[in-house]
Amino acid sequence: MMRADAPRPWSLRRRLLAAILAASTVLWLGSLGTLTVIAWQETGEVFDDALEESAYMLMAATTDLDARGLLAPLPTRSGRNEGEHVRKVDMQYQVVAAGRVLQRSAGAPAAPFVGGFDDDSGFTDLDVDGDRWRVFVVRDEARRFEVQVGQQADKRFDILEELAEVLWLPALGFLALLALVCWWLIGRVLTPLRRTAAAIGAKTPDDLAQVVIDDQPRELLPIVGALNDVFARLDTALQAERRFTADAAHELRTPLAGLHMHVQLLQRQHPALAASFQKLRQDIARLTALVDSLLTLARLDPLARTQLGRQAVALPALFEQLGAEYAPEAAQRGIALSLRCELDAVAADPHMLGIVLRNLLGNALRYCLAGSRVEIVADRHAGHDRIAVRDDGPGVDEASRQRLTERFFRVLGQEEGGSGLGLSIVQRIADLHGIALGFGPGLDGRGLGVTLDWPASGSS
């Protein structure tokens, strides 16, 4: 579980998306700049062709100056009417003879664009009244006159600006679409990673099987292979530990039983040492209980939920049996034991449920003082089947409750002996059944209460 103050983990998907978008944006800007240069060059060539073509057309139209009345000056217009179509190409022409403009368009200057042009035809760039012009000049064969057709350089830039104004929104739209497509594609590409992470996250201490490497991408194979090696070594270590625990506990049972018999025999033979032998017998009994608990844990640890033989356990009969077993001990210790069953049955392994309830009842009777009360109740609580064991004994503080299921943990200050494994066994069996084990206050807010809540109907 991640700590609250831990830094937020970075996202591989977001980094991939950022890298792809950054590279795409740089390339997009570079390609846009390249296209702009190419478009400028191509546009210039088209405009030059238009200037040249217009000049030759005017030249063809002005072969007879006197007949066409071209010596008369053409009135200029200061502007256009509102709503009139604006020419984007906007080329201006002059018909020049003997250094004098005979005819010109409205936007052409009164003086010739070019004076003293040496060639019969050609292009030139010049400044007129602070504006940059591109001009094409062509002379007739008799060199009587020349046609000069010009266009302001700003007009060419205006067309590029209009193109940029029209295209920037679609271009950004395609860039956003690229981001969405990249996000979706990266998600699809990372699906095996999420699937593998889910398979690893579903692992439990009872499931250390190898992660399937079929259909895994090549980049994940080293990680999955390393994890499989870890799982294999961990499983081997756990199996060795469980075998050692089970074998050691099993081997100890026989000599402990023999030792108990010898002490009992010595106690009879030496009545004067009866108290010492009785203490020794109690220590042997506690050691035997510890060995039995170790054996139980060794059997429970390798089990999985699917291996449980669940069935409907009749609770009234089980409670009656528990009452018969523990009533004498409760009476001997001066403890009031009550059993109340309002449930017909619960789904569980009968043997394991018996182990759980005997551990809980045994603990309650062992640690309660004379005059205390202990009760075990089976009923419905918040839609769940519940079995609760409560007492009004000395209880357990909140900090110690959090550690009650730790193996070999015993609450300090208690005189009663114990192995510290009973509640660990209860926790393990509860986990196998999917039962929620809880600890809280006991009767009348005193002592300790232990609850076992079965999953709701339909839950595993």
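One is the number of the first residue; the rest follow in order along the sequence.
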Which heavy-atom pair separates R401 from V396 by the least distance, and what is that distance?
-> NE-O, 3.1 Å
So does D129 have more than 12 non-hydrogen atoms from other groups sitting under 6.0 Å from CG?
-> no
Is there a side chain to side chain donor-acceptor pair (under 3.5 Å) between R233 and T236 once you walk through the steps?
-> CA-CA 5 Å; R233 291 196 298 269; T236 300; over 6 Å; no
Report yes if the side chains of L432 and D349 come closer than 4.5 Å at any heavy-atom pair, otherwise no.
-> no
In short, T405 meets S424 closest at the heavy-atom pair O-OG, 2.8 Å
The side-chain hydrogen bond (donor to acceptor under 3.5 Å, both in side chains) partner of D431 among H433, Q427, R428 is Q427
Judged by atom type as modelled, is there a donor-acceptor pair below 3.5 Å linking the side chain of D397 to the main-chain atoms of A399?
-> yes
CG (L443) and CZ (R373) are apart, to the nearest 0.5 Å, by 5.0 Å
Measure the OH-CZ distance between Y93 and R104 for me, rounded to the nearest 0.5 Å.
-> 10.0 Å
Any side-chain heavy atom of L452 within less than 4.5 Å of one from L437?
-> yes
Give, for atom CD1 of I387 and atom SG of C341, the distance between the pair rounded to the nearest 0.5 Å.
-> 7.5 Å
Smallest heavy-atom separation, P112 atom then V101 atom, equals N-CG2, 3.6 Å
Could you tell me whether a side-chain N or O of D391 sits under 3.5 Å from a main-chain N or O of L448, the two making a donor and an acceptor?
-> yes
Please check if the side chain of Q94 supplies one atom and the backbone of A111 the other of a donor-acceptor pair under 3.5 Å.
-> yes
Answer yes or no: is there a side-chain heavy-atom contact under 4.5 Å between L423 and F439?
-> yes
Got a donor-acceptor contact below 3.5 angstrom from the N228 side chain to the V211 backbone?
-> yes
Nearest-0.5 Å distance, CG of residue D453 to CD1 of residue I435 = 9.0 Å
Is there a side-chain contact between T196 and I223 (heavy atoms, below 4.5 Å)?
-> no
Less than 4.5 Å apart, any side-chain heavy atom of R132 and any of D154?
-> no
Salt-bridge test for D385 and R380: reply yes if a basic N is under 4.0 Å from a carboxylate O, no otherwise.
-> yes
Could you grab the distance from atom CG of L357 to atom CG of L315, nearest 0.5 Å is fine?
-> 8.0 Å
Do E342 and R340 sit within salt-bridge range, that is, some charged N less than 4.0 Å from a carboxylate O?
-> yes
Within a reach of under 6.0 Å around CG of D344, are more than 12 heavy atoms found that belong to other residues, nucleotides or ligands?
-> no
Which pair of heavy atoms, one from V313 and one from A348, lies closest together, and at what distance?
-> CG2-O, 3.5 Å
Would you please say whether a donor-acceptor pair under 3.5 Å links the side chains of S400 and R403?
-> no
Heavy-atom nearest pair, V346 first then W454, reads CG2-CZ2, 3.7 Å
Residue pair F231 / Q210: nearest heavy atoms and the distance that separates them | CB-NE2, 4.1 Å
Distance (rounded to the nearest 0.5 Å) between R134 CZ and T124 OG1 | 8.0 Å
